[in-house]
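Here is the structure we will look at, set down as structure tokens.
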Amino acid sequence: MRLSNYIVNTSKEIPKEAEIASHQLMLRAGMIDKLTAGVYTFLPLGLKVLRKIEKIIREELDRIGALECLMPVIQPKELWEQSGRWEKMNDLMFRLKDKNEREYCLGPTHEEVITDLFTRIVKSYKDLPVSLYQIQLKYRDEIRPRFGVMRAREFVMKDAYSFHKDKKCLQKTYDDFYKAYTRIFERLGLKFRVVEADSGNIGGDSSHEFMVLAQTGEDDIIYCENCNYASNVEKAKGRFALYDNSEFDLDEKKEIFTPNVKTIEDMEVFFKRSNKNFIKCVLYKNEKSEFFICLIRGDLEINEVKLAHIISGEFAIASEEDLINLAGIGKGSLGPIGIDSKVNIIADISIKNTKNMITGANKKDTHIQGISSDDINIKKYYDIHKVDSTFKCSKCGENLKIERGIEVGHIFQLEDKYSKASKACFTGESGKELFVMMGCYGIGVTRIIGAAIEQNYDDNGIKWSLALAPFLVNIIPVDIKKDEIVLFCDKIYNELLNANIECCYDDRNFRAGFKFKDSDLIGIPYKLIVGNKFLEKGIIEIEERSSNKKYDVDAKEILPFLNERLK
RNA sequence: CGGGGUGUGGCGCAGUUGGCUAGCGCGCCUGCCUUGGGAGCAGGAAGCCGAAGGUUCAAGUCCUUUCACCCCGACCA
């Protein structure tokens, strides 16, 4: 590609709207252009990178026998009512009506469509298992789109769905996808980690996320330094530090007047004890106006994703008003003892067998001391705590670490959740109708571009891996007024094209420095510089973007040199 | 949805207590010059100041409404 014919829409100015490196660089390199919040055009350069990612994904999925298809973006409301998600995904969906007032949404995902499709294309166990995938635009009206392609409202996703006669078969395909995903992210040259994950509102049991490690990630990953345990913090299990407070004499069980003591920090100061001696109480309310008081040791935090498995429906921390109506108190004095009997008690296992604890007394400005877990009407203990780096690995007991990650892939075993809702059946070997078992596998294709840049950039711009670079080599004539240079560049350009080496040729009438800057910003792995050294000694300077190393290469040796490097 | 902020040539911004022809940098166009890390000089094009309404002799500037975009939060009693 001659750059004189290309759109090189680069900028040295840092765009105001972009916060993180990948977003800034994608805009500056002219890869994307924003139309409106969270909606981007992929310019030729950005599209080239996108296509490279798609190609790798296709190759690896085809290898495990998945079949590509393309499903509609526009999906009828009825399909979503059937699965019960028309209401549930309320805020997330873009909706529209046709001229007859029929309602539709722009697909935020395709479980509904594929399950419906399944009922028409598969009838018998003989057709199973089968896996279908597509690379398609998805539409999600995110609460807050940000970071460019990282959290966009229109984005490209690879989604795949597998169908099975039983769980065992599903597990096998799940493992195939796991391996294919691993190969995909390895080929993309990303540093990533596979973690256990909560399956969220998509449902299902077993689930793994593929996380690209980056400071700017929106997820916290917990992993063990010693064994292979790794999990999204949303799901992570660990051993919290045990705490023995027998160093203190057993307090008399009584109420203490505690004016202005509201937070756990306030309590530490007031009682002169560490936060492990307190029971933290948080009141939640769900959409049915049921109340839940959650009890957890004062040094720990509640993990609401775990709570979502216990409390049904949407829920949130109760308002100050609710607190007053329910217990007649404001913040800070809530406690499990003497609380209104219609409030459900959800106790974290960190409370189990505790003694001599201090907690709210359900009375204004009052706490109660000398409480043991036996004093509270706890029917069952749950794991509702958030794991952090103070925890030990529950598998091997070693230290846990925490790191930020960008979720680029997620695989789920849906089992029969959607097939039951959509009555997706097949005829089994016995002749009876059975619900099909399903798996679901996603990759955020456009998000990968951002993630890859977050891992590979410097002050000058993007540093593409060979797998993703829009061009592998950039031929740069230092002075296009010198015929000798231009003639040689034309020649080597044709040679590279004939050798199927993806290259561009910066034949624009700019000064050399300008072209170097552009090349580095865009992130082309190799610059082939034809200048004074060529005129004097027939030597071409080849500069490697990743290492900043420069190689003097004889004009005749260029192809072998590049072939060696680009292998 | 709550809080904060910003809307002025393509981009980034300035524009005082309302006042005359709305500026600057980058980019763009023309010419000269230059060609190894985003050069220099000269000339030029490009704006109903986000939108609507109002106050005023006079509005980019004041008031009201509205839209868009950005940031923080939507969670620990």
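Quick note on labels: first sequence line is chain A, next is B, and so on, each numbered from 1. These numbers come from the heavy atoms of this one structure, side chains and all, not from hydrogens, waters or symmetry mates. Nothing here was measured: the structure is a model prediction, and the numbers come from that model.
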**Polar side-chain contact A:Lys481-B:U34 base: donor and acceptor under 3.5 Å** = yes

Below 3.5 Å is the cut-off: list the nitrogen or oxygen pairs between protein and nucleotides 24-27 of chain B, distance only.
residue : atom : partner : partner atom : Å
B:C26   : O2'  : A:Glu13 : OE2          : 3.1

**Request:** Indicate the ring-plane relationship of A:Tyr284 and A:Phe315, choosing parallel, tilted or perpendicular according to the 30° and 60° boundaries.
**Result:** perpendicular

**Message:** Tell me if the side-chain of A:Asp518 makes a donor-acceptor pair with the base of B:G38, cut-off 3.5 Å, by modelled atom types.
**Reply:** yes

Would you tabulate the nitrogen or oxygen pairs shorter than 3.5 Å linking the protein to nucleotides 66-68 of chain B?
none

**Asked** Going by number, which of residues 15-27 of chain A have a non-hydrogen atom under 4.0 Å from RNA chain B?
**Response** A:Lys16, A:Glu17, A:Glu19

**Message:** Heavy atoms within less than 4.0 Å of RNA chain B: which residues of residues 523-530 of chain A have one? Give them sorted by number.
**Reply:** A:Lys527, A:Ile529

**Prompt:** Side chains of A:Thr41 and A:Asp33: donor-acceptor distance under 3.5 Å anywhere?
**Reply:** no

**Item:** Salt bridge A:Arg404-A:Asp220, side-chain N to carboxylate O under 4.0 Å
**Value:** yes

List, with names and distances, any nitrogen or oxygen atoms from the protein found under 3.5 Å away from nitrogen or oxygen atoms belonging to nucleotides 74-77 of chain B.
residue : atom : partner  : partner atom : Å
B:C76   : O2'  : A:Lys280 : NZ           : 3.3
B:C76   : N3   : A:Ile302 : N            : 3.1
B:C76   : N3   : A:Ile302 : O            : 3.3
B:C76   : N4   : A:Ile302 : O            : 2.4
B:A77   : O3'  : A:Lys262 : O            : 2.7
B:A77   : O2'  : A:Gly332 : N            : 2.1
B:A77   : N7   : A:Cys281 : O            : 3.4
B:A77   : N6   : A:Leu283 : N            : 3.2
B:A77   : N6   : A:Leu283 : O            : 2.8

**Asked** In whole Å, what separates the P atom of B:A46 from that of B:C24?
**Response** 15 Å

**Request:** Starting from Watson-Crick (N1-N3 plus N6-O4 or O6-N4) and G-U wobble pairs under 3.5 Å, report the runs of at least three that RNA chain B belongs to.
**Result:** B:1-7 with B:67-73, B:10-13 with B:23-26, B:28-32 with B:40-44, B:50-54 with B:62-66

**Message:** Using atom C1' in both nucleotides, what's the gap between B:G50 and B:G9 to the nearest angstrom?
**Reply:** 14 Å

**Message:** Classify the ring geometry of A:Phe271 against A:Phe278: parallel below 30°, tilted from 30° to 60°, perpendicular beyond 60°.
**Reply:** tilted

